[in-house]
Amino acid sequence: MIIALTPNSCIDRVLHLDRKVTPNNLHRVNHSVEYAGGKGVNLARVVRALGGEVLLAGFLGGFNGLKFRHLMQQEGLEGVFLELPGETRECQILLDGSDHPTEINEKGLTVNHQDWQTLMEKLPEGKLAICGSLPPGDTLGHFQDLLQRLPAKPVVDTSGPALTSAISQGVLLCKPNEHELAGIVGSKLNSMEEAFEAASQLYQTHRTPILLTLGAQGAALVNEKVHHVRSPSIMVKNPIGAGDSLLGAYLWATDQGYAPEEALRWGVAAGAECARKGGPAFVTREGVTELYQQTRSLQPS
Ligand SMILES: O=P(O)(O)OC[C@@]1(O)O[C@H](CO)[C@@H](O)[C@@H]1O
């Protein structure tokens with residue numbers, strides 16, 4: 001079973017706007033939809049759509065915490081959550097017809113060392129994926145401590161110093177995008193080849209395999225070699241959650257016994273399916289299978 005731990009869970013509010021976002025202006029909402037949100041929840045949606053077993057985990061609080069549980073149950077998702085004082089955050093996703101939506105994410109609940117410990121003690125055995133930003137507070141220290149104490153190495157899809165720290169501590173897999181990779185290595189990456197080179201260097205130094213997402217260029221799994229899978233050509237409706245979908249399908253496929261290069265094809269197909277359908281909630285097994293058949297691994301380098 002995959003355990004999708006989102007330390008900074010949220011309510012995702014998707015707002016379909018009447019016109020392009022411009023600063024200092026009034027925007028009206030044509031319609032809006034709310035979801036139990038966070039990267040791990042998106043990942044879980046895709047694992048489930050593909051027929052896999054997945055459990056959500058995280059911290060919740062206040063009225064939004066109740067709403068999160070309600071929305072999650074409506075979708076048939078299950079989870080282990082620790083209730084904390086305060087309010088679960090909200091993330092606004094503004095869809096205005098642009099290529100990339102505008103996102104406004106709140107900070108989230110404060111989580112202390114004991115909270116992390118209590119939550120981890122509640123979790124069953126499984127392949128742990130830690131997804132999304134860390135909550136505010138001294139959580140980088142808690143997170144580093146957690147990585148050291150876990151019985152098995154987790155998969156990590158986070159950002160900023162937590163991502164850098166996970167790679168250097170050595171985890172099962174990290175999933176940065178090109179922008180995050182540039183932040184880790186501290187220099188601009190001018191081409192895909194430079195990105196592959198930077199990810200390979202990280203692997204050589206820390207032995208953490210890197211699943212590098214490349215948007216419309218697909219994704220690459222970087223370990224001793226670089227396995228690149230291009231994305232099938234699609235019309236993008238909404239790219240938010242495509243990376244989470246990619247990771248979900250990749251983990252599902254490795255659980256099914258697919259070799260990493262094949263699992264990457266499933267991942268890239270699910271990312272594209274999410275982007276063309278308009279979000280992880282619309283991903284279907286049929287859609288992913290159709291796109292999987294349109295992907296192929298490029299010669300490893
Ligand atoms: O603030 P974080 O934890 O980095 O990201 C949260 C988030 O922006 O990521 C998902 C898309 O990947 C959204 O569903 C969600 O709101």
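Nothing fancy with the numbering, it's 1 onward along the sequence. When a ligand or atom number is given, it counts from 1 through the structure's own listing order.
Exactly one of Leu247, Asp244, Asn8 qualifies for a side chain to side chain contact (heavy atoms under 4.5 Å, CB included) with Lys39. That residue is Asp244.
Given atom 2 (P) of ligand 1, the protein heavy atom at minimum distance is Ser133 OG, 3.4 Å.
Counting atoms of ligand 1 from 1 in the listed order, those under 4.0 Å from a heavy atom of Gly132 are 3 (O). For ligand 1 and Cys10, the ligand atoms under 4.0 Å from any heavy atom of the residue are 16 (O). For ligand 1, the atoms lying closer than 4.0 Å to a non-hydrogen atom of Asp244 are 10 (C), 11 (C), 12 (O). Proximity to Ile240 (heavy-atom distance under 4.0 Å) selects the following atoms of ligand 1: 11 (C). Ligand 1 places these atoms under 4.0 Å from at least one heavy atom of Cys91: 16 (O).
Under 4.0 angstrom from ligand 1, there are no non-hydrogen atoms of Val41. Contacts of Asp12 with ligand 1, taken as heavy-atom pairs under 4.0 Å, involve the side chain alone. Contact annotation for Ser159 and ligand 1: no heavy atom of the residue comes within less than 4.0 Å of the ligand.
The two residues Tyr258 and Ala263 make their nearest non-hydrogen contact at CB-N, 4.1 Å. Shown here for Ala195 and Leu181, the closest heavy-atom pair between the two residues is O-CD2, 3.4 Å.
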Which pairs of donor and acceptor atoms, one on a side chain in residues 118-126, lie under 3.5 Å apart (sequence neighbours left out)?
unit_1, atom_1, unit_2, atom_2, d
Thr118, OG1, Gln114, O, 2.8
Thr118, OG1, Gln114, NE2, 3.3

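On a distance-only criterion, Glu103 and ligand 1 share at least one N/O pair closer than 3.5 Å.
Using a 4.0 Å cutoff on heavy atoms, Gly243 does not count as a contact of ligand 1. The shell of residues lying under 4.0 angstrom from ligand 1, judged by heavy atoms, includes Arg89. Look at Asn8 and you'll find every heavy atom at least 4.0 Å from all atoms of ligand 1.
Remark: Asp96 does not engage Arg19 in a salt bridge, criterion side-chain N to carboxylate O under 4.0 Å.
Each of Leu128 and Leu56 belongs to its own hydrophobic cluster when Ile, Leu, Val, Met, Phe, Trp and Tyr are linked at side-chain heavy-atom distances under 4.5 angstrom.
Neither side chain, Tyr292 nor Glu273, offers a donor N or O lying under 3.5 Å from an acceptor on the other. Using modelled atom types, one finds no donor on one side chain facing an acceptor on the other under 3.5 Å when comparing Ser159 with Glu180.
In this structure, Trp116 and Phe59 have perpendicular ring planes: the angle between them is above 60°, well past the 30° mark.
Here the shortest heavy-atom distance to atom 7 (C) of ligand 1, taken over Asn42, Leu134, Thr158, Asn105, belongs to Asn105. Of the options Lys39, Glu106, Arg13, Lys107, the smallest heavy-atom separation from atom 5 (O) of ligand 1 is shown by Lys39.
Side-chain contact between Trp266 and Leu246: absent, with no pair of heavy atoms (C-beta onward) separated by less than 4.5 Å.
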